[in-house]
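Here is the structure we will look at, set down as structure tokens.
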Amino acid sequence: SYRVLGELAAKGDEPEKTQALYRKARECIETLAVANPTVNEFQSEWANLLLVEGAACAERGDRTAARNAFRKCQTLL
């Protein structure tokens with residue numbers, strides 16, 4: 001999955017690639033979560049990916065993107 005690839009990229013020194021893979025993973029699960037609002041697993045994974053994406057943004061110094069991801073996650077929880 002894109003998330004696993006993002007985790008692997010995060011272990012290297014590829015922040016742009018990591019961010020792109022996490023974003024793709026989030027977009028995929030977001031589509032599923034929006035289409036299936038009663039499936040808790042999709043909602044949880046969406047929130048989790050937003051946390052991961054926000055943390056990756058914060059690590060590379062993109063505070064605005066990190067804040068946006070964390071705020072979106074907060075609305076889901």
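Note that the structure is a prediction, hence the values are computed from the model and not measured. Counting from 1, the numbers follow the sequence of the chain as shown.
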Hydrophobic cluster partners of Val52 (side-chain heavy atoms under 4.5 Å): Tyr22

Co-members of the apolar cluster containing Tyr2 [side chain, <4.5 Å]: Leu5, Leu21

Contacts of type side chain to side chain contact (heavy atoms under 4.5 Å, CB included), residue Asp62, not counting sequence neighbours: Cys57, Arg60, Thr64, Ala65

Remaining members of the apolar cluster that contains Leu49, side-chain heavy atoms under 4.5 Å: Ile29, Leu32, Val34, Val39, Phe42, Trp46, Leu50, Leu76

Sequence neighbours excluded - side chain to side chain donor-acceptor pair (under 3.5 Å) pairs with any residue from residues 3-17: Arg3-Glu7, Arg3-Glu45

With sequence neighbours excluded, residues passing side chain to side chain contact (heavy atoms under 4.5 Å, CB included) with Leu51: Phe70, Cys73

All pairs passing side chain to side chain donor-acceptor pair (under 3.5 Å) where residues 32-43 contributes a residue, at least two apart: none

Non-neighbouring partners of Arg23 that pass salt bridge (Lys or Arg N to Asp or Glu O under 4.0 Å), sequence neighbours left out: none

Gap between atom OG1 of Thr18 and atom CD of Glu59 - 0.5 Å precision: 9.0 Å

Over all atoms of both residues, closest heavy-atom pair of Ala58 and Ala66: N-CB, 3.7 Å

Inter- and intrachain pairs under side chain to side chain donor-acceptor pair (under 3.5 Å), touching residues 68-77, at least two apart: none

